[in-house]
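In this chain, numbering begins with 1 at the start of the sequence shown. As the structure is a computational prediction, the values presented were derived from the model and not from experiment.
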Amino acid sequence: MVLTQRQLVMVLCTASTYLVVQVLVGTDLKVAALFSVAILFGLLAVFAGGGVASAFGCLNAILIGKFLLVAIAIKAILLEPSDGALRAPQTTAWVMALGFLSLFLGTAVQSHFYCPQTFSMNRPFSSQMLLSLSIVLFVCSYLGYFVGLIPATQGAGTQTGGWVGISHVLGQLKSLAIVPPMLYMWKAKTRLWMTHPIILGLLAWGAVVGIFSTGKQEAVEPLVFYVLVGFLRYGWRDIRLWSLLAIGVAYYAMIVYPYSQYVRHAGGREGSFEERAQVTKDVFFRIAGNEDFRSAVTDKVSTQYYFGPSLAAFSRLAMVAEADRLIYATEQQQSFTGWETITWGFKLLMPSFLYPDKPVYEAANYLSHIAGESNWGDTTTQVSYGVMANLYNAFSLPGVLIGTFLFFAGFYYWIRIFLGNSRWESTASASTLWFMWLVASYQHNIVESTLSGLVASISFPAVIVLLCMLAKGLCAFLPPETALGVREYSPTDAHGT
């Protein structure tokens, strides 16, 4: 990693500013210093990963942003100390400092390892292949999502393994299905490509299915990826995209957040497809159209964590508070779990026919029992704490320092083997596609999942190979590129419409 003088000054000034501001609003000096150290190494990890234009750098930026940068900035604006709402502020600050130091070291070290290109799929592809992949990803992801729901809608409960397990993995990619078609339209230089009926139809369909799923993330991800591809094409100064993003934030805070928190306990995750659809439709339109009901629901579901009830919708931008609850419970109860939650992810990777009693979920539910956020009869609720809190629960502070380094060094190197150093290249290239794939697939999990969830996700190359094989087969039935009216894209087209 080579930092320019300007980058180094920016990192140091940012960390120093956060330190001074925290002290001014009343944060304990030791906590403020440790948080600032975490921010320092978190920002260095961004550059160690190749900057925000690189998949690793972007994921590291999301990590430090969601854990500390945004949270402390909002606290400073509210003139509140950053440790005011934390239960174990000093221990949590140590976890953050050691965790982001290890993230920086792990990212930097793996980047110097030789990586073979034999299995890399980060290679140039034809427009015909991109179109084929668009069709295959849409069909497989949404079909996988609905097929995966069949056992639950028939009263069989949550299942894993076999065809159900495969369908769950494919279903998790449904929000990404809008990206390849947009890249294809971009590469084909389609006029008004962002408002093409197919793209708008995919966006609307993704939003509707997201509402049906009752999840906050699923409901807004299609719009987020739509806007992100727009930024990749037109740059970060495009007022139209920022306006659309602002509308999306308001939509999330005013409608999606209260809807998602309420509907899951009102029957949105129970019964047949028809019953779920009826419940989600009724609740959504009632929240969207009835201001009194929306206000009552918002007040009911808003919980004071880090920012207070008025900003509860943005609690996931303060993951330091989520981690703090597990760290506090572990420290108070001395409930260190050792290897139990570390090996959990490898159990998830095992085929069901080899390990019939494998876990159904990652370890987040188990950890929520330790933190006192789920009763012992609840075996499904997944509470977000993140990898660093999970490692503290396993082996205390040494676990954070050593475990975070080993995991991210190995995880990022594993990704490099199959997708190389994927970057945003300002063109509709293979590298840009895999950059979007990685950011879309991990922007949530890398922040909120336990170690077991991320370990289980290392099977992603099998999914990509399967989809690419299906897309390659479909290419034989598509017209040749000349018939599609596609010409090769050049960097000078970046400012076109």
Taking every heavy atom of F56 against every heavy atom of G49, the minimum-distance pair comes out as CB-O, 3.8 Å

Separation between CG (L202) and OG (S134), nearest 0.5 Å, reads 9.0 Å

Original post:
Take atom CE in M121; do more than 12 heavy atoms of anything else shown fall under 6.0 Å from it?
Top reply: yes

- [ ] Let me see the working for V249 and Y252 under side chain to side chain contact (heavy atoms under 4.5 Å, CB included), right down to the final yes or no.
- [x] CA-CA 5 Å; V249 171; Y252 168 78; 5.7 Å; no

(message) Below 30° counts as parallel, above 60° as perpendicular, anything between as tilted: where do the rings of Y234 and W193 land?
(response) tilted

### Message
Just checking F146 against Y142, ring centres under 6.0 Å apart?
### Response
no

Do side-chain atoms of N60 reach the backbone of A45 as a donor and acceptor pair under 3.5 angstrom?
-> yes

- Message: Does R6 have more than 12 heavy atoms from other residues, nucleotides or ligands lying within 6.0 Å of its CZ?
- Response: no

Distance-only criterion, 3.5 Å: show the donor-acceptor pairs between side-chain atoms of residues 453-463 and protein atoms not counting sequence neighbours.
from: S457; atom 1: OG; to: Y442; atom 2: OH; distance (Å): 3.2
from: S457; atom 1: OG; to: L454; atom 2: O; distance (Å): 2.6
from: S459; atom 1: OG; to: A456; atom 2: O; distance (Å): 3.3

Report task. Could you tell me whether a side-chain N or O of T432 sits under 3.5 Å from a main-chain N or O of T427, the two making a donor and an acceptor? Result -> yes

Heavy atoms of N390 and L326 approach each other most closely as N-CD2, 4.2 Å

| query | For the side chain of S260 and the backbone of T214, is there at least one donor-acceptor N/O pair under 3.5 Å apart? | reply | yes

- Assess whether side chain to side chain donor-acceptor pair (under 3.5 Å) is satisfied between Y145 and E218, documenting all intermediate values. CA-CA 12 Å; Y145 170 71; E218 291 91 339; over 6 Å; no

Review point. Does the side chain of V383 come within less than 4.5 Å of L367's, by heavy atoms?
Key: no

Nearest heavy-atom contact between L173 and S441 is CD2-OG, 4.2 Å

*Any side-chain heavy-atom pair of L433 and F125 under 4.5 Å*: yes

Inset, instruction - Side-chain contact test, heavy atoms from C-beta onward, threshold under 4.5 Å: evaluate it for L241 versus M194 and give yes or no. - result: yes

Interatomic distance, CD@E425 vs CZ@F435, rounded to 0.5 Å, equals 10.5 Å

Practice problem: Step through the shown structure and confirm whether more than 12 heavy atoms of other residues, nucleotides or ligands are within 6.0 Å of CZ on R294. | Solution: yes

Legend entry - Close side-chain approach of S368 to Y385, heavy-atom, < 4.5 Å: yes

Which of K66, Q217, E221, Q172 passes side-chain hydrogen bond (donor to acceptor under 3.5 Å, both in side chains) with H444? It is Q217

Closest heavy-atom pair, A219 versus I211, reported as atoms and distance to 0.1 Å, is CB-CD1, 4.0 Å

Rounded to the nearest 0.5 angstrom, the CZ-CE distance for R191 and M185 is 14.0 Å

Pair S452-T450, side-chain donor/acceptor within less than 3.5 Å:
yes

Does V139 form a side chain to side chain contact (heavy atoms under 4.5 Å, CB included) with L470? I'd like the steps, not just the answer. CA-CA 11 Å; V139 173; L470 292 173; over 6 Å; no

Test log, rule side chain to side chain contact (heavy atoms under 4.5 Å, CB included), inputs V387 and S449: CA-CA 7 Å; V387 170; S449 285; 6.0 Å; no

*Does G50 offer a backbone N or O that forms a donor-acceptor pair with the side chain of R423 under 3.5 Å?*
yes

Can you see whether E274 engages S272 through a side-chain donor-acceptor pair at a distance of less than 3.5 angstrom? yes

Please tell me if the side chains of F47 and V11 come closer than 4.5 Å, counting only heavy atoms from C-beta onward.
yes

Test I39 against I72 for side chain to side chain contact (heavy atoms under 4.5 Å, CB included), laying out the working first.
-> CA-CA 10 Å; I39 290 171; I72 295 176; 4.1 Å; yes

Do the side chain of Q443 and the main chain of I62 share a donor and acceptor less than 3.5 angstrom apart? no

When Y262, Y259, F284 are each screened for ring-ring contact (aromatic ring centres under 6.0 Å, His included) with F293, the one that passes is Y262

query = Are L176 and W437 side-chain neighbours, meaning at least one heavy-atom pair lies under 4.5 Å?
reply = yes

Value for CZ (F225) from CD1 (I178), rounded to nearest 0.5 Å, stands at 10.0 Å

Side-chain (S111) to main-chain (A108) donor-acceptor, under 3.5 angstrom = yes

| Side-chain touch L63/L59, heavy atoms, less than 4.5 angstrom | no

*asked:* Is it the case that atom CZ in F273 sees more than 12 heavy atoms from other parts of the structure closer than 6.0 Å?
replied: yes

Closest non-hydrogen contact found for F138 with A177 is CA-CB, 4.0 Å

- Can you find a pair of side-chain heavy atoms, one from F408 and one from I446, that are under 4.5 Å apart? yes

Q) Is there a donor-acceptor contact under 3.5 Å from the side chain of W242 to the main chain of W236? A) yes

Between the CG atom in L131 and the CD1 atom in I135, the distance rounded to the nearest 0.5 Å is 4.5 Å

How about CE on M469, more than 12 heavy atoms from neighbouring residues, nucleotides or ligands closer than 6.0 Å, or not?
no

Value for CD (E448) from CE (M319), rounded to nearest 0.5 Å, stands at 5.0 Å

Closest non-hydrogen atoms of F35 and S82, given as atom of the first, atom of the second and distance, are CD1-OG, 3.8 Å

For S132, the side chain to side chain donor-acceptor pair (under 3.5 Å) test, sequence neighbours excluded, returns none

